[in-house]
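Data block below; observations after.
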Amino acid sequence: MAAQVDNIRNAVTDPQALILLLSQALAPGGLLLLADGDWIVYDQHKKLVEPFQWWDCGTTSSSLVEPAVLEEDAHGRSWYAGWLNFLGNLTRSKNYRPIEELVQNADALTVLDSRRYLSPINWPGEGIENGEDLGKFLIINQRNFLLGSKEIASQAGFSREMIEVWGRHYEAEVDSGHFYNLWHYLTAQK
């Protein structure tokens, strides 16, 4: 399984080298715009959502867990947050660091602006500028993320049946819940 996981890891194995390469490609005075989504979820009250994790079901093999056992063991934890947690841990580069830190380590770049935004999913959020548009955009983003990540979960050892159970609960939560994702935005100049 370790070899499978290494093959699944994010294609950007060295994020700092990527930032340095982008910096070199910029003309003097050129702008670098970066956005990075976080793998954690907040509820409508902006409190951290506890992810459901299949490995809490008392087994070491995801393919041996019966879907009914998974559904019973969720105990109010979020399937959506659990999927993001699993995929984030599986695909995030071992060399990952926050984008602001990466850019600050590139001598040729100066950070002009760095912000974090709670972006609503499928609702306008509370007090969120452009929340309605963000909510519509992010529900599409999250549905596409689920579709695109099913193969990664399969390669990591999730059975097709397990992926379908997770997908069904994931979709139900993002379609009916009031969640936020955290996004990091940064503008830098060469």
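Numbers for residues simply follow the sequence, beginning at 1. Here the structure is a predicted model, which means the values were calculated and not measured.
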For the rings on Trp39 and Phe86, is their centre-to-centre separation under 6.0 Å? no

May I ask you to check whether Trp79 and Phe52 place their ring centres under 6.0 Å from each other? yes

Taking Glu164 first and then Arg168, would you say they form a salt bridge - that is, a charged N and a carboxylate O separated by under 4.0 Å? no

Report the C-alpha distance between Asn141 and Asn181 in whole Å, list the side-chain angles of each, state the deciding distance to 0.1 Å, and finish with yes or no for side-chain contact (heavy atoms from CB on, under 4.5 Å). CA-CA 11 Å; Asn141 178 280; Asn181 281 131; over 6 Å; no

Counting neighbours of NZ on Lys47 that are heavy atoms of other residues, nucleotides or ligands and sit closer than 6.0 Å, is the number greater than 12? no

Residue Arg116 excluded, over 12 heavy atoms near CZ under 6.0 Å: no

Step by step, would you call Asp175 with Arg143 a side-chain contact (heavy atoms from CB on, under 4.5 Å)? CA-CA 9 Å; Asp175 286 345; Arg143 286 182 184 138; 2.6 Å; yes

Check whether any side-chain heavy atom of [X] lies under 4.5 Å from a side-chain heavy atom of [Y], and answer yes or no.
X: Leu109; Y: Leu26; answer: yes
X: Leu118; Y: Leu182; answer: yes
X: Leu112; Y: Leu31; answer: yes
X: Pro51; Y: Leu84; answer: no
X: Leu48; Y: Tyr42; answer: yes
X: Ile19; Y: Asn105; answer: no
X: Asn85; Y: Val41; answer: no
X: Asn122; Y: Val174; answer: no

So, taking the atom named [atom1] in [X] and the one named [atom2] in [Y], what distance separates them when rounded to the nearest 0.5 Å?
X: Ser114; Y: Ile99; atom1: OG; atom2: CD1; answer: 6.0 Å
X: Ser176; Y: Glu171; atom1: OG; atom2: CD; answer: 11.5 Å
X: Lys46; Y: Glu126; atom1: NZ; atom2: CD; answer: 6.5 Å

hydrophobic_cluster_shared for [Y] and [X], side chain cutoff 4.5 Å:
X: Tyr96; Y: Trp183; value: no
X: Leu87; Y: Trp166; value: yes
X: Ile163; Y: Ile152; value: yes
X: Phe145; Y: Phe179; value: yes
X: Leu134; Y: Ile40; value: yes

For Tyr170 and Gln142, what are the C-alpha separation, side-chain angles and deciding distance, and is it a side chain to side chain donor-acceptor pair (under 3.5 Å)? CA-CA 9 Å; Tyr170 175 112; Gln142 292 308 310; 3.2 Å; yes

Is a donor on one side and an acceptor on the other found under 3.5 Å between the side chain of [X] and the backbone of [Y]?
X: Lys190; Y: Ser23; value: yes
X: Trp123; Y: Gly135; value: no
X: Glu132; Y: Pro124; value: no
X: Ser159; Y: Met162; value: yes
X: Glu173; Y: Tyr80; value: yes

Could you report the tightest heavy-atom contact between [X] and [Y], atom names first, then the distance?
X: Arg115; Y: Asp113; value: NE-OD2, 2.7 Å
X: Trp83; Y: Ala153; value: CH2-CB, 3.5 Å
X: Leu138; Y: Pro120; value: CD1-O, 3.4 Å

Looking only at the side chains, is there a donor atom on one of Asn130 and Tyr117 sitting less than 3.5 Å from an acceptor on the other? no

Ignoring hydrogens and geometry beyond distance, is a side-chain donor-acceptor pair present between Asn95 and Gln16 at under 3.5 Å? no

Is there a side-chain contact (heavy atoms from CB on, under 4.5 Å) between Leu186 and Leu33? Walk through the geometry before answering. CA-CA 6 Å; Leu186 182 136; Leu33 308 174; over 6 Å; no

